[in-house]
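Take a look at the structure set out below.
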Amino acid sequence: MDPNSVKSTLSNLAFGNVMAAAARDYQKELLAQEKGHASASVNEEVDLDELMDDPELEKLHADRIAALKKEAEKRQELKMQGHGEYREITEADFLGEVTGSDKVVCHFYHREFYRCKIMDKHLKSLAPRHFNTKFVKLDAENSPFFVTKLGIKTLPCVILFRKGIATGRLVGFEDMGGKDDFSTRTIEFLNHHFAGIIDEKKGGEEEDDDYLDSKRTSVRSSMNPDSDSD
């Protein structure tokens with residue numbers, strides 16, 4: 001028998017044994033991985049079951065339900081006070097309206113003034129978006145007492161009230177760049193900057209970014225009624 005042939009045969013047998021052993025090891029590894037995944041799944045199920053009975057989780061859930069209930073009750077109370085819509089009030093209603101809510105935006109307007117109608121459109125859009133703030137309007141012609149008391153000389157005039165105290169105002173369209181085509185977002189920014197009457201800016205119409213950038217450094221609050229121009 002050829003020695004070289006015997007040597008080659010033994011080598012082939014040895015190589016075959018090695019491959020067979022490797023295949024068996026690979027199968028064992030796959031089985032171990034499958035068992036590991038199955039065990040992890042069981043553990044996950046157990047953990048979830050434990051979470052369902054966790055008193056801390058139950059407390060968090062109960063606290064969340066209580067918070068949602070309180071929020072719903074507050075919203076209903078604000079709705080009864082006239083929040084969520086832009087309403088017209090009378091001079092007789094004025095004091096009760098501006099003192100009955102923490103934050104109020106009141107538009108003194110004239111029925112025939114074009115710019116008052118533009119302001120109406122924007123405030124009507126803001127009212128449902130900022131539920132914590134009350135939005136009302138008052139016919140200046142029919143409210144001479146408060147027009148005089150508040151030193152209103154130019155219309156439209158939007159006065160911002162905090163806890164019944166006038167804290168800022170928008171007179172005409174001066175603070176909107178003196179133009180008629182300003183965006184609702186512009187008023188949102190100005191109200192927030194003036195008196196914190198609006199809690200936060202929310203999505204709406206696109207704003208004039210260049211104009212708002214300039215206002216961030218130059219916006220002023222017309223706190224003194226005597227500063228209004230004719």
Side-chain angles (χ1 to χ4, degrees), residues 71-72 74-90 93-111 113-140 143 146 150 152 154-216 218-223 228:
E71 183 178 339
K74 179 183 178 182
R75 189 176 181 86
Q76 183 61 29
E77 181 181 350
L78 290 175
K79 186 175 181 180
M80 293 176 65
Q81 294 173 4
H83 289 239
E85 60 180 334
Y86 180 49
R87 300 176 295 112
E88 180 158 9
I89 62 174
T90 66
D93 300 328
F94 179 75
L95 283 179
E97 291 283 358
V98 299
T99 59
S101 296
D102 285 346
K103 295 180 285 187
V104 180
V105 173
C106 183
H107 173 206
F108 285 81
Y109 78 103
H110 191 288
R111 294 183 184 277
F113 287 6
Y114 175 67
R115 283 190 164 184
C116 289
K117 294 176 182 179
I118 293 175
M119 185 63 74
D120 277 341
K121 180 191 73 171
H122 292 299
L123 296 180
K124 184 177 181 180
S125 176
L126 288 173
R129 300 213 306 255
H130 298 282
F131 205 87
N132 288 330
T133 302
K134 181 189 291 183
F135 289 81
V136 295
K137 65 177 181 176
L138 187 61
D139 188 334
S143 311
F146 289 110
L150 293 168
I152 297 171
T154 301
L155 299 178
C157 180
V158 177
I159 299 185
L160 317 175
F161 293 89
R162 184 89 182 219
K163 297 185 182 298
I165 300 173
T167 58
R169 63 178 62 198
L170 307 177
V171 180
F173 283 5
E174 176 187 352
D175 291 295
M176 276 69 77
K179 57 184 181 179
D180 293 350
D181 59 346
F182 61 89
S183 69
T184 301
R185 289 292 296 279
T186 300
I187 300 180
E188 284 183 301
F189 170 76
L190 292 172
N191 280 352
H192 178 72
H193 189 94
F194 277 2
I197 296 299
I198 291 177
D199 292 332
E200 59 180 295
K201 291 201 302 179
K202 298 189 177 181
E205 301 175 25
E206 292 185 359
E207 60 190 338
D208 184 338
D209 292 331
D210 292 336
Y211 171 67
L212 288 188
D213 286 342
S214 68
K215 297 305 286 184
R216 287 186 176 91
S218 65
V219 166
R220 61 177 177 78
S221 174
S222 304
M223 297 294 293
D228 295 345

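Along the sequence shown, the residues carry numbers beginning at 1. Treat the numbers as computed from the prediction; the structure is a model and nothing was measured.
- In this structure, the separation between CG on Leu126 and CZ on Phe135 is 5.0 Å, given to the nearest 0.5 Å.
- In this structure the side chain of Phe161 reaches within 4.5 angstrom of the side chain of Cys106, judged on heavy atoms.
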**Worked check of side chain to side chain contact (heavy atoms under 4.5 Å, CB included) between Val104 and Glu97** = CA-CA 8 Å; Val104 180; Glu97 291 283 358; 5.8 Å; no
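- Shown here for Thr99 and Gly164, the closest heavy-atom pair between the two residues is CG2-CA, 4.1 Å.
- Distance check: Lys137 NZ to Glu88 CD gives 5.0 Å after rounding to the nearest 0.5 Å.
- To the nearest 0.5 Å, the span separating NE2 on His107 from CG on Asp120 amounts to 5.5 Å.
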**Request:** Applying side chain to side chain contact (heavy atoms under 4.5 Å, CB included), run through Leu95 and Phe146 and close with a yes or a no.
**Result:** CA-CA 10 Å; Leu95 283 179; Phe146 289 110; 3.7 Å; yes
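- Contact of the Tyr109 side chain with the Leu138 side chain is not registered, since no non-hydrogen atoms from C-beta on lie closer than 4.5 Å.
- Of all heavy-atom pairs between Cys116 and Leu155, the closest is SG-CB, 4.2 Å.
- Taking the side chain as every heavy atom from C-beta outward, Pro128 and Tyr86 never approach each other to under 4.5 Å.
- Closest of all the heavy-atom pairs between Phe94 and Ile89 is CA-CD1, 4.0 Å.
- Between Phe182 and Ile187 the shortest side-chain heavy-atom distance falls below 4.5 Å.
- Separating the CD1 atom in Ile159 from the CG atom in Leu170 is a distance of 10.0 Å, to the nearest 0.5 Å.
- Thr133 places a side-chain N or O within donor-acceptor distance of the main-chain N or O of Ile197, the cut-off being under 3.5 Å.
- The two atoms that bring Gly196 and Arg162 nearest to each other are O-NH1, 3.1 Å, heavy atoms only.
- Taking CZ of Arg129 as the start and CD of Glu188 as the end, the distance is 4.5 Å to the nearest 0.5 Å.
- Arg115 approaches Gly178 most closely through the heavy-atom pair NH2-O, 3.4 Å.
- How far CD of Glu85 is from NZ of Lys134: 10.5 Å, rounded to the nearest 0.5 Å.
- For the pair Arg169 and Leu150, the tightest heavy-atom approach, listed with the atom from each and the gap, is NH2-O, 3.0 Å.
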